[in-house]
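Read through the structure below, which is laid out as structure tokens, and then see the notes.
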Amino acid sequence: RLVVLGSVNADHVLRVPHFPRPGETLTGHGYQVVPGGKGANQAVAAARLGAPVSFIARIGDDAIGRQMQAGFAADGIDVSAVERDEALPTGIAIIYVSDEGENSIGISAEANGALSPEMVKRHESMIADAHTLLLQLEVPLESVFEAARLARAHGTRVVLNPAPARPLSAELLALVDLITPNQTEAELLTGVPVTDEASAREAAARFHQLGIQEVMITLGAQGVYCSNPSQQVLIPGFRVTAVDTTAAGDTFNGALLAAQLAGHDFHGAVRFAHGAAALSVTRLGAQSSIPSEAEVEAFLLA
Ligand code: ADP
């Protein structure tokens with residue numbers, strides 16, 4: 001079983017002709033509230049792609065929180081560790097999408113900020129019983145640390161997708177078995193600007209020095225650079241026409257772990273994750289863009 005610990009956000013999306021300037025009021029269109037949050041996206045991806053998933057998260061006692069929780073359950077996720085906060089609303093993101101396709105985003109942690117180390121401890125047995133724990137950085141860092149510490153103590157594999165980019169302690173990084181940064185995050189954590197295979201190799205070497213055995217640096221359309229004790233290799237992704245890259249990394253992480261749990265070998269799991277992520281970039285939205293296992297299988301055969 002895979003345990004995902006992380007954020008839940010309601011994404012409020014408004015299309016605008018251009019971003020409003022200070023003091024300006026603009027008329028937008030196409031307003032939508034869609035399920036997002038990196039933790040939720042990765043849990044949904046892994047579940048939709050075949051993994052048994054339990055989700056540790058915190059939502060508000062509000063309609064949107066309940067609606068998203070029902071959505072997780074409909075995707076087959078065990079939501080017994082999704083707790084409802086009495087005092088805070090569900091996490092939110094306010095997103096403007098301009099006609100040029102650029103976005104401008106403000107987020108507020110709300111209930112995600114109350115996912116405390118004490119809450120993590122309440123779910124210690126769930127972490128202990130799991131094969132793998134998947135973490136990101138949209139919940140308090142001390143809780144990420146506590147979860148990684150408990151997982152390590154119980155022999156559960158720790159996977160960290162260090163997004164959004166923020167500085168991390170050597171103590172936390174030393175608890176990680178597999179790290180999956182994108183280029184920005186890899187640069188922030190190692191000081192190496194990652195643009196190609198050679199710079200990715202250098203950044204991966206820094207992660208190994210910090211005690212991390214397995215490194216997978218995602219390089220957008222270029223694919224993923226993988227470095228572990230048995231190989232160092234750049235594995236290209238699939239060529240598709242990108243419509244919206246939101247949640248590409250989240251889909252890659254969920255799909256990779258789902259394929260590994262299903263017993264795919266290393267290259268097979270990366271190929272499956274690339275296929276799932278490529279399909280997600282051809283579609284709009286976060287959780288709405290995540291494909292099913294059957295869709296990925298069909299894409300890989302085509
Ligand atoms: P993030 O979304 O976290 O910034 P990346 O942009 O590195 O992550 O993308 C993660 C993965 O998504 C890539 O390794 C690849 O499999 C897939 N991907 C992203 N962008 C594209 C693209 N333009 N074409 C095909 N695949 C893509």
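Each ligand, and each atom within it, is numbered from 1 in the order the structure gives. Keep in mind that what you see is a predicted model, and the values were worked out from it rather than measured.
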Who's the nearest protein heavy-atom neighbour of atom 25 (C) of ligand 1, and how far? F238 O, 3.1 Å

What atoms of ligand 1 come closer than 4.0 angstrom to any heavy atom of G249? 1 (P), 2 (O), 3 (O), 8 (O), 10 (C)

Between R149 and E146, does any NZ, NE, NH1 or NH2 come within less than 4.0 Å of an OD or OE carboxylate oxygen? yes

For ligand 1, which atoms sit closer than 4.0 Å to a heavy atom of L219? 7 (O)

Using side-chain heavy atoms (C-beta onward) and a distance below 4.5 Å, is V224 in contact with C226? yes

Looking at ligand 1, is there an atom of it that comes within less than 4.0 Å of some heavy atom belonging to G237? no

Below 4.0 angstrom from a heavy atom of V240, which ligand 1 atoms are there? Numbered from 1 as shown, please. 24 (N), 25 (C)

Mutual orientation of the aromatic rings belonging to F238 and H274 [parallel < 30°, tilted 30-60°, perpendicular > 60°]: perpendicular

I'd like to know if E185 pairs up with R166 as an ion pair, taking the criterion as any Lys NZ or Arg NE/NH1/NH2 lying under 4.0 Å from an Asp or Glu carboxylate oxygen. no

If you take all heavy atoms of I217 and A186, which pair is closest and at what distance? CG2-CB, 4.1 Å

Any carboxylate oxygen within less than 4.0 angstrom of a Lys/Arg side-chain nitrogen, looking at R157 and D177? no

Please state whether the rings of H264 and F272 are parallel, tilted or perpendicular, taking 30° and 60° as the class boundaries. tilted

Against ligand 1, does G223 come closer than 4.0 Å with any heavy atom? yes

Between the candidates A221, G220, A278, A247, which shows the shortest non-hydrogen contact distance to atom 6 (O) of ligand 1? G220

Relative to the heavy atoms of H274, which atoms of ligand 1 are at a distance of less than 4.0 Å? 14 (O), 15 (C), 16 (O)

Under a 4.0 Å N-O cut-off, is there an ion pair linking R66 with D61? yes

Would you check whether N182 has a nitrogen or oxygen atom less than 3.5 angstrom from a nitrogen or oxygen atom of ligand 1? yes

Which residue and heavy atom of the protein sit nearest atom 8 (O) of ligand 1, plus the separation: T218 OG1, 3.6 Å

Which of the ligand 1 atoms, numbered from 1, are nearer than 4.0 Å to a heavy atom of A277: 12 (O), 16 (O), 17 (C)

